[in-house]
Undergrad: 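Can you read through this structure? Questions will come right after.
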Amino acid sequence: MMTPSLAELDDETVRSMSIGAVFSDFVGKINSLDFHRTADLLITASEDDSVRLYDIANAKLLKTTYHKKHGADRICFTHHPSSVVCSSRYNLDTTGESLRYLSMYDNRCLRYFKGHKERVVSLCMSPVNDSFMSGSLDHSVRIWDLRVNACQGILRLRGRPTVAYDQQGLVFAVAMEGGAIKLFDSRSYDKGPFDTFLVGGDMAEVCDIKFSNDGKSMLLTTTSNNIYVLDAYGGEKRCGFSLDPSPNTTIEATFTPDGQYVLSGSGDGSLHAWSISKRTKVGSWDSHIGVASCLKWAPRRAMFVAASSVLTFWIPNNNSNSKSSTEVGTMDPDAR
């Protein structure tokens with residue numbers, strides 16, 4: 001069945017989310033996933049060296065490619081619906097080919113990007129041009145252009161860097177050791193950060209950072225299993241939520257497209273949703289897949305995906321008494 005398009009979300013709709021489709025044919029953990037901004041597509045990268053492309057409107061696997069030489073770790077769409085940037089898991093110290101620009105259409109590598117000496121842990125594409133950023137365990141953030149092999153800029157930092165562009169592509173944020181968030185003008189980042197925020201009281205590393213669609217809020221997830229929503233202009237903490245510990249897995253949280261809700265996995269295998277304005281929990285669910293290390297809300301649809309070694313599509317369930325479908329690739333017929 002078609003997944004519903006995104007109407008104005010409310011507490012009841014968010015609370016009604018249930019599993020509409022399950023894909024359980026992965027071998028090992030799903031490392032990362034990304035939605036295309038304008039097409040109804042999802043891409044995943046997993047420990048079985050696979051990159052998989054899905055039609056999210058119909059819950060259909062479109063294509064699988066395998067990358068045995070380099071592996072598949074972090075992944076994000078470019079602006080083109082059939083091309084992605086993927087980071088490597090293997091041979092970083094020998095080949096230096098830490099990032100690849102891949103065509104899913106004909107399974108070709110369009111370009112290699114060399115530079116990082118250790119694993120890439122954060123990857124994001126500019127929403128406005130061919131620039132993208134990568135943060136690595138080698139304590140550097142590198143700025144790239146899809147059209148050029150050579151790195152366009154390097155920021156050397158302490159700790160594990162996490163990166164994100166705002167929705168206009170004008171600003172990017174880099175989270176680093178000690179809960180510091182540095183904001184850069186993407187056109188003149190070489191002049192250094194124009195602002196620095198500190199997440200007061202939590203010195204844990206930030207493992208994920210996202211901007212809301214309106215650019216007003218930032219969402220931080222830390223290795224100490226705390227989630228914070230900050231004012232993106234002044235850095236003030238708007239709200240914070242604590243999760244059950246997940247010692248061996250970092251947790252990802254996500255904004256809804258309207259910026260009104262935050263969803264996250266937790267160490268006990270549950271999923272949670274909170275209203276930012278009310279600072280209250282709206283709903284909780286059993287994830288049915290253990291700890292969800294990947295979680296993202298679709299940009300243009302009333303759906304989110306959660307993944308561990310299994311990928312699940314969640315959509316509103318208009319009939320709360322009906323059971324969610326757990327067939328591979330089928331959507332809940334009650335969600336039209």
Undergrad: What's the shortest heavy-atom distance between Leu53 and Pro81, and which atoms?
TA: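 Looking at all heavy atoms of both residues, the closest pair is CD1-O, 4.5 Å.
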Undergrad: If I take atom OG from residue Ser266 and atom CH2 from residue Trp285, how far apart are they, to the nearest 0.5 angstrom?
TA: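 The OG atom of Ser266 sits 12.5 Å away from the CH2 atom of Trp285.
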Undergrad: Could Asp49 and Lys68 be called an ion pair, given the rule that one side-chain N must be under 4.0 Å from one carboxylate O?
TA: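 Between Lys68 and Asp49 there is a salt bridge, with a charged N closer than 4.0 Å to a carboxylate O.
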Undergrad: Between Ser287 (side chain only) and Leu271 (backbone N and O only), is there a donor and an acceptor less than 3.5 Å apart?
TA: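 Checked: no pair found.
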Undergrad: Using a cut-off of 6.0 Å, state whether more than 12 heavy atoms not belonging to Lys63 lie near its atom NZ.
TA: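 Yes, because the 6.0 Å sphere around NZ of Lys63 holds more than 12 heavy atoms from other groups.
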Undergrad: Using atom types as modelled and distance alone, determine if a side-chain donor or acceptor of Ser126 lies under 3.5 Å from a backbone N or O of Val128.
TA: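 Yes; at least one donor-acceptor contact below 3.5 Å.
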Undergrad: Evaluate whether atom OH of Tyr105 has more than 12 neighbouring non-hydrogen atoms of other residues, nucleotides or ligands under 6.0 angstrom away.
TA: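 No.
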Undergrad: Ignoring hydrogens and angles, tell me if any N or O in the side chain of Asp214 forms a donor-acceptor pair with the backbone of Lys216 under 3.5 Å.
TA: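 Indeed, once roles are kept as given, a pair shorter than 3.5 Å links the two residues.
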Undergrad: Using atom types as modelled and distance alone, determine if a side-chain donor or acceptor of Ser186 lies under 3.5 Å from a backbone N or O of Gly169.
TA: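 At least one qualifying donor-acceptor pair exists.
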Undergrad: When you check the side-chain N and O atoms of Ser46 and Thr44, is any donor under 3.5 Å from an acceptor?
TA: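 Not at all, the side chains of Ser46 and Thr44 share no donor-acceptor pair under 3.5 Å.
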Undergrad: Starting at NZ of Lys69, measure out to CD of Glu97 and round the result to the nearest 0.5 Å.
TA: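 Going from NZ on Lys69 over to CD on Glu97, the span is 5.0 Å.
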Undergrad: Of the non-hydrogen atoms in Glu118 and Ser136, which two are nearest, and what is the gap between them?
TA: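 Minimum heavy-atom contact is O-OG, 2.9 Å.
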Undergrad: Short question: side chain of Ser87, backbone of Arg74 - any donor-acceptor pair under 3.5 Å?
TA: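 The answer is yes, because a donor-acceptor pair under 3.5 Å joins these two groups.
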Undergrad: Show the nearest heavy-atom pair for residues Glu47 and Arg89, with the distance to one decimal.
TA: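 Of all heavy-atom pairs spanning Glu47 and Arg89, the closest is O-NH1, 3.3 Å.
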Undergrad: Between His70 and Tyr90, is there a donor-acceptor pair closer than 3.5 Å when you use the side chain of the first and the backbone of the second?
TA: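 No; judged by distance alone, with no hydrogens or angles, the pair does not exist.
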Undergrad: Under the side chain to side chain donor-acceptor pair (under 3.5 Å) criterion, do Ser131 and Asp145 qualify, and how do the steps go?
TA: CA-CA 4 Å; Ser131 300; Asp145 187 307; 4.8 Å; no
Undergrad: Answer with yes or no whether the side chains of Ser270 and Asp286 bring together a donor and an acceptor at under 3.5 Å.
TA: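 Absent: no donor and acceptor within the cut-off.
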Undergrad: Of all heavy-atom pairs between Cys86 and Gly71, which one has the smallest distance, and what is that distance?
TA: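 Closest approach of Cys86 to Gly71, heavy atoms only: SG-O, 4.4 Å.
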Undergrad: Is it the case that more than 12 heavy atoms not belonging to Arg15 sit under 6.0 Å from its CZ atom?
TA: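 Above 12, so yes.
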Undergrad: For the side chain of Thr312 and the backbone of Ile19, is there at least one donor-acceptor N/O pair under 3.5 Å apart?
TA: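 No.
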Undergrad: Is the backbone N or O of Asn129 less than 3.5 Å from a side-chain atom of His79, with the two atoms forming a donor-acceptor pair by type?
TA: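 Present.
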Undergrad: I need the full list of ring pair (Phe, Tyr, Trp, His ring centres under 6.0 Å) pairs touching residues 33-61, with sequence neighbours left out, sorted by first then second residue.
TA: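 Sorted result for residues 33-61: Phe23-Tyr54, His36-Phe77.
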Undergrad: Is it true that a side-chain atom of Ser122 and a backbone atom of Gly135 form a donor plus acceptor pair closer than 3.5 Å?
TA: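 Such a contact is absent between Ser122 side chain and Gly135 backbone.
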Undergrad: For Glu12, I'd like to know if atom CD has over 12 heavy atoms of other residues, nucleotides or ligands within 6.0 Å.
TA: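 No, not enclosed.
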Undergrad: For the residue pair Phe26 and Ser309, what are the closest heavy atoms and their distance?
TA: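 So the two residues come closest at CB-O, 3.5 Å.
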Undergrad: Between Phe113 and Phe132 (judged by ring centroids, cut-off 6.0 Å), do the two rings come close enough to count as a pair?
TA: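 Close enough - the centres of the two rings lie under 6.0 Å apart.
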Undergrad: Please give me the minimum heavy-atom distance between Arg142 and Gly115, naming the atom from each residue.
TA: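 Scanning both residues completely, I find the closest heavy atoms to be NH2-O, 3.5 Å.
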Undergrad: Counting neighbours of NZ on Lys191 that are heavy atoms of other residues, nucleotides or ligands and sit closer than 6.0 Å, is the number greater than 12?
TA: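 Counting neighbours around NZ of Lys191, 12 or fewer heavy atoms of other residues, nucleotides or ligands fall under 6.0 Å, so no.
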Undergrad: Using links of under 4.5 Å between side-chain heavy atoms of ILVMFWY residues, direct or through other members, which residues join Ile227 in one cluster?
TA: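 Cluster partners of Ile227: Leu219, Val229, Phe241, Leu243, Ile251, Phe255, Val262, Trp274, Ile276, Val291.
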Undergrad: Which of these passes side-chain contact (heavy atoms from CB on, under 4.5 Å) with Leu220: Ile181, Asp208, Thr162?
TA: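 Going through the options one by one, the only one that passes is Ile181.
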Undergrad: Please determine, by modelled atom types, if His116 and Ser134 share a side-chain donor-acceptor pair under 3.5 angstrom.
TA: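 Judged by distance alone, the side chains do pair up.
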Undergrad: Please check: side-chain N/O of Gln167 versus main-chain N/O of Gly215, any donor-acceptor pairing under 3.5 Å?
TA: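 No; judged by distance alone, with no hydrogens or angles, the pair does not exist.
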Undergrad: Does a donor on one side chain sit under 3.5 Å from an acceptor on the other, for His272 and Ser284?
TA: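 Their side chains do contain a donor-acceptor pair, which is all the 3.5 Å distance test asks for.
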Undergrad: I need the single residue from Asp11, Thr256, Thr254 that forms a side chain to side chain donor-acceptor pair (under 3.5 Å) with Tyr261. Which is it?
TA: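 Result: among Asp11, Thr256, Thr254, Asp11 is the only option passing the side chain to side chain donor-acceptor pair (under 3.5 Å) with Tyr261.
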